[in-house]
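Note sheet for the following structure.
Below, chain A is the first sequence line, B the second, and so on; all start at residue 1. These numbers come from the heavy atoms of this one structure, side chains and all, not from hydrogens, waters or symmetry mates.
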Protein chains: 2
Amino acid sequence: MATIQDVAKLAGLSRTTVSRVINEHPYVTEEKKRLVSKAMQQLNYVPNSSARRLRRQQTETIAVYVPRITNPFFSHLVEVMEKEAAKKGYQLILCQTRYKKEQERNFLELLKTKQVDGLILTSIENDWSEIEPYLAYGPIVVCNEYSDSAQVPLVFLDQIEGGYIGTKHLIEKGYTKLGYCTGDHKSSRVAHDRRIGFLKAVNEAGLQMKDEWFFGGAYSVQDGKNTFEALKQLSDPPQALFTGSDEVAAGIVKAASDAGWKVPEDLAVIGFDNQPLAELMELTTVEQPIETIARQAMELMIESIRSKRTSVRKEVILPLNLIQRSST
Amino acid sequence: MATIQDVAKLAGLSRTTVSRVINEHPYVTEEKKRLVSKAMQQLNYVPNSSARRLRRQQTETIAVYVPRITNPFFSHLVEVMEKEAAKKGYQLILCQTRYKKEQERNFLELLKTKQVDGLILTSIENDWSEIEPYLAYGPIVVCNEYSDSAQVPLVFLDQIEGGYIGTKHLIEKGYTKLGYCTGDHKSSRVAHDRRIGFLKAVNEAGLQMKDEWFFGGAYSVQDGKNTFEALKQLSDPPQALFTGSDEVAAGIVKAASDAGWKVPEDLAVIGFDNQPLAELMELTTVEQPIETIARQAMELMIESIRSKRTSVRKEVILPLNLIQRSST
DNA sequence: CGAAATCATGAAATCGTTTTCATACTCAGA
DNA sequence: TCTGAGTATGAAAACGATTTCATGATTTCG
């Protein structure tokens with residue numbers, strides 16, 4: 001492998017000048033530039049990035065935390081982030097926390113050991129106090145999740161509003177017996193807020209709720225199917241169901257159709273996300289502007305890296321909107 | 001930030017000894033080990049990975065190429081690879097080629113500039129001769145795709161067999177007028193082989209084909225819907241359709257149902273992949289053992305990195321199997 | 001008991017860049 | 001003609017680790 005020294009020798013110049021050419025420093029004559037370029041080509045030279053990283057104290061790499069990349073919501077987020085990062089000369093390291101506190105903590109070392117310039121969290125497993133100390137080693141941006149105490153940029157969606165407009169829609173459609181079915185991930189602010197939005201709409205309309213109309217722990221298509229089986233057993237089932245994801249909604253619709261129920265006549269269902277699957281199943285759903293939050297988060301990240309200012313809290317809240325199809 | 005020098009000073013020892021403790025070198029007395037550990041803790045020291053990379057000439061990072069991470073097949077592949085890599089102390093850099101030759105070539109520089117120890121390709125856009133020279137800079141493993149001339153480990157599925165068993169199944173079910181609907185991605189060996197398998201089964205059974213029963217360029221759910229619309233116009237449509245992906249199959253089934261066709265009575269459809277969506281839509285499909293190929297590819301990669309032998313061709317061919325549901 | 005092998009440590013070289021500092025040359029303005 | 005600003009270059013320091021080499025001390029063994 002050719003080094004900068006080899007190039008310098010072949011061009012009859014110093015390492016310094018070669019480095020200047022590479023980094024487009026002014027004060028290099030055209031003639032030397034040509035000489036250097038020629039030598040670099042002849043030797044098929046490229047700068048060694050480990051050396052460059054060491055000297056420059058930056059890696060041009062960003063770590064992105066997701067629970068699991070197979071979740072379409074997160075893979076979409078990552079797709080956009082990678083594209084945006086590549087555009088600005090950054091690479092992405094993928095970290096799957098698998099919803100585990102410990103996994104998340106392990107990956108935090110990446111920042112400390114200077115393997116990445118910054119961290120984007122799309123989910124938060126640990127208490128913020130566990131994460132906070134790592135801010136000393138580089139910027140952190142939170143995307144999609146929310147934390148009260150985090151002194152960092154936060155890009156997230158107005159989930160209260162999301163819960164509210166979805167529920168409002170059901171109410172306007174004339175349903176009065178509403179069920180609620182989500183993943184209720186303990187620490188997640190997202191789930192918490194949606195529930196508030198749901199209850200707000202319900203209370204405004206003066207509707208009655210029953211405890212048995214709350215279904216929890218639902219994440220997958222299969223969970224949706226199970227939820228329907230449970231619902232079917234009720235003597236007084238809800239007429240409409242608010243769900244926390246399109247997968248769950250799809251599972252419910254499928255199971256209901258298979259059982260001979262008509263959607264939305266016998267049971268209306270509203271999803272969340274507007275995934276490709278929602279279109280396939282013709283689900284009414286609350287669309288999350290994934291591209292926008294991903295892009296915003298990445299922009300804030302790169303800005304934080306470049307400016308080197310100390311991290312400050314900054315909230316970017318984006319709206320959600322309803323997409324009406326035939327499941328309600 | 002504390003450096004190894006600071007630790008050495010605090011512990012009253014040399015950098016060398018500290019380094020030995022970090023790297024678990026023998027020939028360090030227990031006493032000094034304690035001293036060093038204590039100093040490291042006091043200073044909250046962690047080794048700087050850029051420096052370590054430079055000296056060791058390795059990065060403990062692997063680049064994975066996928067066309068798009070939102071494609072569930074690839075996100076599943078990446079999920080397993082990341083998990084496997086993390087287990088062995090490696091990180092993953094995600095590279096989305098977006099089916100573009102140029103993007104793919106750009107990312108190849110990662111290997112040359114020593115930002116990664118190796119490359120795993122899950123799709124190949126460029127001619128192998130474009131990629132081959134980069135073997136000089138580190139190992140490459142091909143996963144899922146196939147190339148005749150590549151002198152590297154290749155982990156892939158027997159797509160001829162896949163096309164064959166899917167088609168055979170349709171024939172055994174009694175269908176005699178078979179359609180073929182895939183993405184026909186020009187350079188892809190995968191698509192090519194499946195077609196061969198399809199034709200083999202058709203010929204063995206002595207069935208007649210019509211040109212109009214071949215549908216191309218279908219990748220998405222929407223493409224599937226469009227395909228059905230086209231098929232509907234035919235005066236003599238096929239009874240059953242072999243498709244290249246579950247998305248396409250799902251689109252066809254959906255459009256058919258909406259048009260009042262019964263599946264499989266009026267039109268049978270078989271998918272490919274066994275994605276979650278296939279279960280939801282109850283698609284018969286050809287399952288690809290994604291976890292296995294991902295794990296195998298990652299193992300071969302890490303082995304190649306560690307052994308430092310020159311790359312040799314090695315084919316690992318895994319079988320596919322049929323999952324029967326109610327769409328056929 | 002003396003030589004060889006093993007254990008324990010540190011000084012200095014090394015990895016391949018970028019950056020700082022010093023030096024020299026050119027040219028415009030007083 | 002002298003001064004100071006701008007231009008162009010290179011020597012050497014720095015980034016922070018690991019590895020080689022050298023040197024003692026200690027143990028083993030014939």
Side-chain angles (χ1 to χ4, degrees), chain A residues 1-37 39-40 43-61 109-117 137-138 308, chain B residues 1-37 39-40 43-61 109-117 137-138 308:
Chain A
M1 276 281 15
T3 72
I4 200 173
Q5 183 67 279
D6 302 328
V7 176
K9 195 187 286 177
L10 182 60
L13 295 162
S14 72
R15 291 206 295 279
T16 314
T17 304
V18 177
S19 173
R20 290 206 177 97
V21 173
I22 295 169
N23 296 289
E24 296 177 331
H25 191 279
Y27 301 167
V28 184
T29 56
E30 284 305 319
E31 192 206 338
K32 314 263 155 145
K33 272 190 204 162
R34 257 197 312 277
L35 245 49
V36 170
S37 303
M40 293 205 296
L43 294 171
N44 194 18
Y45 168 83
V46 279
N48 176 306
S49 83
S50 300
R52 179 177 273 200
R53 282 174 181 220
L54 173 59
R55 181 62 236 222
R56 287 238 193 106
Q57 300 283 59
Q58 48 160 312
T59 66
E60 256 128 32
T61 305
E109 294 299 311
L110 288 176
L111 191 56
K112 201 167 168 187
T113 58
K114 293 277 175 355
Q115 308 209 40
V116 299
D117 291 340
Y137 306 107
K308 287 178 179 159
Chain B
M1 277 278 16
T3 72
I4 199 172
Q5 183 68 280
D6 301 329
V7 176
K9 197 186 285 177
L10 183 61
L13 294 164
S14 71
R15 290 205 299 276
T16 314
T17 305
V18 177
S19 173
R20 289 207 178 97
V21 173
I22 295 169
N23 296 289
E24 294 177 328
H25 192 276
Y27 302 166
V28 185
T29 58
E30 285 304 319
E31 192 206 336
K32 316 263 154 146
K33 272 188 203 163
R34 258 196 314 278
L35 244 49
V36 169
S37 303
M40 292 205 296
L43 294 170
N44 193 18
Y45 168 83
V46 278
N48 176 306
S49 83
S50 300
R52 180 178 271 200
R53 284 175 178 217
L54 173 59
R55 183 59 238 224
R56 286 239 192 104
Q57 300 282 57
Q58 48 161 309
T59 66
E60 256 126 36
T61 305
E109 295 297 312
L110 288 175
L111 192 57
K112 199 167 168 187
T113 59
K114 292 276 176 350
Q115 309 208 40
V116 299
D117 290 340
Y137 305 107
K308 289 178 177 157

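Atom pair B/Q5:CD and D/dG16:P shows a separation of 11 Å (rounding to whole Å applied). Rounded to an integer number of Å, the gap from B/E24 CD to D/dT18 P is 12 Å. Distance B/R56 CZ to D/dT18 C1': 7 Å, rounded to the nearest Å. The nearest whole Å value for the distance from the NZ atom in B/K33 to the P atom in C/dC7 is 13 Å. To the nearest angstrom, P of D/dT20 lies 11 Å from CZ of B/R20. Note: CZ (A/R52) to P (C/dT19) measures 9 Å, nearest angstrom. Residue B/Q58 contributes atom CD, which lies 16 Å from atom P of C/dC15 at whole-angstrom precision. Between A/L54 atom CG and C/dT18 atom C1' the separation is 10 Å, expressed in whole Å.
Using a 3.5 Å distance cut-off with no hydrogens or angles, the side chains of B/T3 and B/Q5 do not pair a donor with an acceptor. No hydrogens or angles considered: nothing links the side chains of A/S19 and A/T16 as a donor-acceptor pair under 3.5 Å. For the 3.5 Å distance criterion, the side chains of B/N48 and A/R53 fail to qualify, holding no donor opposite an acceptor.
Along DNA chain C, the nucleotide closest to B/R55 and the one closest to B/V28 are compared, and the more 5′ of them pairs with B/V28. Each of A/A51 and A/P26 has a nearest nucleotide on DNA chain D; the 5'-most of these lies closest to A/P26.
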Using side-chain hydrogen bond (donor to acceptor under 3.5 Å, both in side chains), reason through A/T113 and A/Q115 one step at a time and then give a plain yes or no.
CA-CA 6 Å; A/T113 58; A/Q115 308 209 40; 3.3 Å; yes
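Put simply, A/Y27 has no side-chain N or O that comes within less than 4.0 Å of OP1 or OP2 on D/dA8. Between D/dA8 and A/K32, no contact under 4.0 Å exists linking OP1 or OP2 to a side-chain N or O. The shortest distance between the side-chain N/O atoms of B/Q57 and the OP1/OP2 oxygens of C/dT14 is not below 4.0 Å. Look at A/Y45 and you'll find a side-chain N or O under 4.0 angstrom from OP1 or OP2 of C/dT17. Contact check, A/T29 against D/dT9: a side-chain N or O comes under 4.0 Å of OP1 or OP2.
Near DNA chain D, meaning a heavy atom under 4.0 Å away, the residues from residues 12-19 of chain B are B/R15, B/T16, B/S19.
If you check distances only, the side chain of B/R53 never reaches the base of D/dG16 with a donor-acceptor pair under 3.5 Å.
Within 4.0 Å (heavy atoms only), B/V7 reaches no atom of the nucleic acid at all.
A distance-only check finds no donor-acceptor pair linking the side chain of A/S50 to the backbone of B/S50 [under 3.5 Å].
Proximity of B/Y45 to B/I22: side-chain heavy atoms (C-beta onward) are separated by under 4.5 Å at one or more points.
Listed nucleotides: C/dT9, D/dT9, C/dG16. Nearest to the side chain of A/N48: C/dG16.
B/E30 has a carboxylate O that lies under 4.0 Å from a charged side-chain N of B/K33, or vice versa, which qualifies the two as a salt bridge.
Closest of all the heavy-atom pairs between B/V21 and B/V28 is CG2-CG1, 4.0 Å.
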